[in-house]
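The structure appears below as structure tokens.
Predicted model only: the values in this text are computed from it and were never measured. Only this structure's heavy atoms are used, side chains among them; waters, hydrogens and symmetry mates stay out. Residues: numbered from 1 along the sequence shown.
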Amino acid sequence: MRVVVLTGAGVSAESGVPTFRDAGGLWEGHRVEDVATPEAFDRDPDTVQRFYDARRRAVARVEPNPAHVALAALERAIGDDLLLVTQNVDDLHERAGSRSVVHMHGDLLTALCLGCGIRSPIAADLVDRPPCPECGDRMLRPDVVWFGEMPYELDLIDEALLACDVFAAIGTSGAVYPAAGFVMTAAESGAATVELNLAPSEVTPLFDEVRHGPASIVVPAWVDDVLAASA
């Protein structure tokens with residue numbers, strides 16, 4: 001049984017990671033246009049760097065929750081038959097034990113060098129302009145996919161969706177494309193689809209099965225059901 005899991009902000013929110021965008025559309029008091037676009041970085045790089053440096057420190061203070069742990073257990077059980085795709089830029093899946101995670105929207109713990117194009121792990125605040133470990137240029141930016149940029153690994157994800165038997169979306173709003181369209185790709189190829197969310201998403205009607213509740217409760221229960229079905 002081949003499984004593709006997509007996780008969103010609702011998974012990490014239970015660990016205490018802010019979803020950042022509030023009801024007024026602001027991220028930590030900033031307009032999206034001021035911290036999450038290439039134009040914002042060109043206009044005011046220090047504000048953008050400080051914003052993501054603060055996010056990186058905030059994530060370091062929280063821990064994985066039972067949903068992360070359950071998905072890591074699923075990977076241990078079915079190995080390469082699971083593709084875990086996350087829209088989250090934190091490392092909570094990895095800290096829970098997941099070894100193969102596709103960060104389609106980038107990773108707070110890596111930086112992208114505008115000089116050589118290499119993505120590399122970082123420890124220092126980027127506002128301090130540390131050198132690129134590969135080329136030495138001080139041209140690092142957050143390795144986060146901003147609005148107007150192309151998510152990572154879309155070909156790999158699409159191939160997995162076309163071949164999977166089960167597709168699960170966990171903690172997602174169903175409002176951000178292309179991820180919101182993954183359920184349609186999987187369903188058209190015959191996969192069973194399930195949404196695990198605190199509340200209905202914008203694409204809930206497209207799923208075969210819906211389980212609503214906290215991720216820390218519904219995800220471990222779903223993983224138990226998947227493992228029982230594959231035994």
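Cluster membership check: Tyr177 shares its hydrophobic cluster with Leu6, using side-chain heavy-atom separations under 4.5 Å among Ile, Leu, Val, Met, Phe, Trp and Tyr. Val101 and Val59 fall into different hydrophobic clusters, where Ile, Leu, Val, Met, Phe, Trp and Tyr are joined by side-chain heavy atoms under 4.5 Å apart, directly or via other members. Linking Ile, Leu, Val, Met, Phe, Trp and Tyr residues whenever their side-chain heavy atoms come within less than 4.5 Å leaves Val183 and Val194 in two separate clusters. Leu206 and Val4 fall within the same hydrophobic cluster, defined by Ile, Leu, Val, Met, Phe, Trp and Tyr side-chain heavy atoms under 4.5 Å apart, directly or through other members. Linking Ile, Leu, Val, Met, Phe, Trp and Tyr residues whenever their side-chain heavy atoms come within less than 4.5 Å places Phe167 and Val85 in a single cluster.
Atom CG of Asp42 has more than 12 heavy atoms from other residues, nucleotides or ligands within 6.0 Å. For CG of Asp128, the number of neighbouring non-hydrogen atoms (other residues, nucleotides, ligands) closer than 6.0 Å is greater than 12. The environment of CD in Glu159 is sparse: at most 12 heavy-atom neighbours from other residues, nucleotides or ligands sit within 6.0 Å.
With Asn197 contributing its side chain and His212 its backbone, the two residues share no donor-acceptor pair below 3.5 Å. Side-chain atoms of Arg138 come within 3.5 Å of backbone atoms of Arg129 as a donor-acceptor pair (strictly under, hydrogens ignored). With hydrogens and angles disregarded, no donor-acceptor distance shorter than 3.5 Å links the side chain of Asp107 to the backbone of Asp91. Between the side chain of Ser15 and the backbone N or O of Val17, no donor-acceptor pair lies under 3.5 Å. Under a 3.5 Å cut-off, the side chain of Asp143 and the backbone N or O of Gly106 do not form any donor-acceptor pair. For the pair Asp90 (side chain) and Leu92 (backbone), a donor-acceptor distance under 3.5 Å is present.
The shortest distance between side-chain heavy atoms of Leu74 and Leu227 falls below 4.5 Å. Using a 4.5 Å heavy-atom cutoff, the side chains of Asp125 and Arg57 are in contact. Looking at heavy atoms from C-beta onward, Arg55 lies in side-chain contact with Val89 at the 4.5 angstrom threshold. Contact annotation: the side chain of Pro130 approaches that of Leu140 to within less than 4.5 Å [non-hydrogen atoms, C-beta and beyond]. Looking at Asp81 and Met1, their side chains never come closer than 4.5 Å, going by heavy atoms from C-beta outward. Between Val5 and His93 there is no side-chain heavy-atom pair separated by less than 4.5 Å. By the 4.5 Å heavy-atom criterion applied to side chains, Leu154 and Met104 are counted as neighbours. Using a 4.5 Å heavy-atom threshold, the side chains of Ile170 and Leu71 count as touching.
Atom OG of Ser189 is separated from atom CE of Met184 by 12.5 Å, given to the nearest 0.5 angstrom. Note that CD1 of Ile217 and CG of Asn65 are 11.0 Å apart. Values are rounded to the nearest 0.5 Å. Rounded to the nearest 0.5 angstrom, His105 NE2 and Glu149 CD are separated by 11.0 Å. To the nearest 0.5 Å, the span separating CG on Leu126 from CG on Asp46 amounts to 11.0 Å. Between Glu94 atom CD and Thr86 atom OG1 the span is 8.5 Å, to the nearest 0.5 Å. Taken to the nearest 0.5 Å, the CG atom of Asp225 stands 4.5 Å off from the CZ atom of Arg211.
Of all the heavy atoms in Glu75 and Ser100, the pair that sits closest is OE2-N, 3.0 Å. For Asp34 against Val48, the heavy-atom pair with the smallest separation is O-CG2, 3.6 Å. In plain terms, the two heavy atoms of Pro214 and Glu14 that are nearest each other are C-OE2, 3.1 Å. Between Ala60 and Arg95 the shortest heavy-atom distance is CA-NH2, 4.2 Å. Heavy atoms only, all atoms of each residue included: Cys113 and Cys135 are closest at SG-SG, 3.7 Å. Taking every heavy atom of both residues into account, Cys116 and Cys132 meet most closely at SG-SG, 3.8 Å.
Residues Glu195 and Thr204 have side chains that bring a donor and an acceptor to within less than 3.5 angstrom of each other.
Here the options are Gln49, Arg56, Arg50, the test is side-chain hydrogen bond (donor to acceptor under 3.5 Å, both in side chains), and the partner is Asp53; only Arg56 passes. Each of Tyr52, Phe51, Trp146, Phe147 was compared with Phe41 under the ring pair (Phe, Tyr, Trp, His ring centres under 6.0 Å) criterion, and only Trp146 meets it.
In this structure Gln87 satisfies the side-chain hydrogen bond (donor to acceptor under 3.5 Å, both in side chains) test with no other residue, sequence neighbours excluded.
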